[in-house]
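On a predicted model such as this, the values are computed, not experimentally measured, just so you know.
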Amino acid sequence: MKTTDTPASGAGVSKVPGQRTGTAPTGSSAPAKKSEGQVLNVFSHGMLILWAIMVVLPLFWAVMSSFKTDADIFNTPWSLPSSLSFDAWGRAWSQAHMSEYFLNTILVVGGSLTGTLVLGSMAAYVLARFEFPGNRFIYFLFVGGMSFPVMLALVPLFFVMDNMGLLNTIHGLILVYIAYSLPFTVFFLTSFFRTLPTSVAEASIIDGASHTRTFFQVMLPMAKPGLISVGIFNFLGQWNQYMLPTVLNTDPEKRVLAQGLVELASSQGYKGDYSGLFAGLVIAMLPVLAAYIIFQRQVVSGLTAGALK
């Protein structure tokens with residue numbers, strides 16, 4: 001048997017002077033791409049630094065001014081306080097009734113946030129896992145609720161709450177907050193429940209667990225990142241809500257923090273107690289900052305969980 005020897009790579013190829021080989025040069029394009037990437041990286045980091053300064057500087061100035069006296073605020077507004085004075089915090093907490101407004105806000109937001117997460121997760125789980133007539137119609141009703149401006153519902157909502165005896169009550173404001181936050185909660189959690197594996201729920205049902213037990217003991221713990229993410233967003237929106245309590249909660253003893261801050265600004269503006277105003281602002285701002293700092297990792301993981309899966 002006769003075999004033919006294959007010439008080695010490049011052994012039988014003769015180079016003609018001036019002729020280009022088939023391999024395209026890559027050395028010239030790599031530095032160009034690298035320089036473009038460096039320029040883009042510097043630009044993006046510069047924009048992030050500028051945005052961080054625009055956000056952090058006003059917050060730092062407000063906190064710094066809350067420890068100053070009114071004279072220091074006007075004479076040296078950009079300097080650090082010479083000594084930490086908590087007199088403004090005491091006036092805002094006791095004389096301006098920020099303690100009462102803070103307690104009312106905790107009751108309203110705590111009750112509404114719990115009800116929103118429980119009802120929203122149950123509705124989202126049913127819409128994501130069960131097929132029945134009208135499933136998509138109900139889902140799009142919730143989605144349409146996100147685009148409905150709440151200002152159009154203020155007048156009829158006022159009369160409905162008045163007829164039901166829920167006007168100027170804490171539990172009435174909780175129910176309104178729940179209804180206001182449910183569309184976004186259901187929309188967010190429906191997409192999140194669809195990313196969870198169905199095999200775990202099917203295995204629990206085969207083992208004899210009911211649908212209720214499967215939801216509360218199996219699927220709800222698996223949806224913890226999504227619950228934390230949507231909970232943080234609802235907490236921020238409900239804590240800073242001003243329009244709904246202004247219309248539906250006219251009792252001075254049941255005001256929330258947003259109403260209290262406006263009242264403090266209007267009353268202290270004539271007295272010139274700007275340090276007390278800054279102290280009240282920081283008191284209302286601290287829970288929001290603390291919640292985001294503590295749960296920032298869970299928020300990011302909840303937002304990216306659907307994309308990663």
Parallel, tilted or perpendicular: rings of Phe192 and Phe188 (30°, 60°): parallel

What one should report as the nearest heavy-atom pair of Pro287 and Phe102 is CG-CE1, 3.7 Å

Determine whether the aromatic ring centres of residues Phe215 and Tyr125 are separated by less than 6.0 angstrom. yes

Which residues share a side-chain contact (heavy atoms from CB on, under 4.5 Å) with Phe67, sequence neighbours left out: Val63, Pro81, Leu84, Phe86, Trp89

Is a side-chain donor-acceptor pair under 3.5 Å present for Arg213 with Gln217? yes

His211 vs Phe130 aromatic rings, parallel, tilted or perpendicular, using cut-offs 30° and 60°? perpendicular

Please report the closest heavy-atom contact between Phe193 and Met219, naming both atoms and the distance. CE2-O, 4.1 Å

In terms of heavy-atom contacts, Leu227 and Leu117 come closest through O-CD2, 4.0 Å

If we count only N and O atoms by modelled type, under 3.5 Å, do the side chains of Thr214 and Ser204 hold a donor and an acceptor together? yes

Once salt bridge (charged side-chain N to carboxylate O under 4.0 Å, His left out) is applied, what residue pairs with a partner in residues 244-256 remain, sequence neighbours excluded? Arg255-Glu263

Under 3.5 Å side-chain donor-acceptor pair for Arg91 and Ser275: yes

For the OG1 atom of Thr212 and the CE atom of Met122, what is their distance to the nearest 0.5 Å? 7.0 Å

Could you check whether atom CZ of Phe137 has more than 12 heavy atoms from other residues, nucleotides or ligands sitting under 6.0 Å from it? no

Would you name the heavy atoms of Phe158 and Leu248 that are closest together and state the gap between them? CA-CD2, 3.8 Å

Pairs under 3.5 angstrom only: tabulate donor-acceptor contacts from the side chains of residues 45-61 to other protein residues two or more places apart or in another chain.
from	atom 1	to	atom 2	distance (Å)
His45	ND1	Asn41	O	2.8
His45	ND1	Asn41	OD1	2.7
Trp61	NE1	Pro77	O	2.9

Parallel under 30°, tilted from 30 to 60°, perpendicular over 60°: which one fits the rings of Phe74 and Tyr274? perpendicular

Do other residues, nucleotides or ligands put more than 12 heavy atoms under 6.0 Å from the OH atom of Tyr180? no

Under 6.0 Å from the ring centre and within 45 degrees of the ring axis: does the NZ or CZ of Arg194 meet both conditions for the six-membered ring of Tyr139? yes

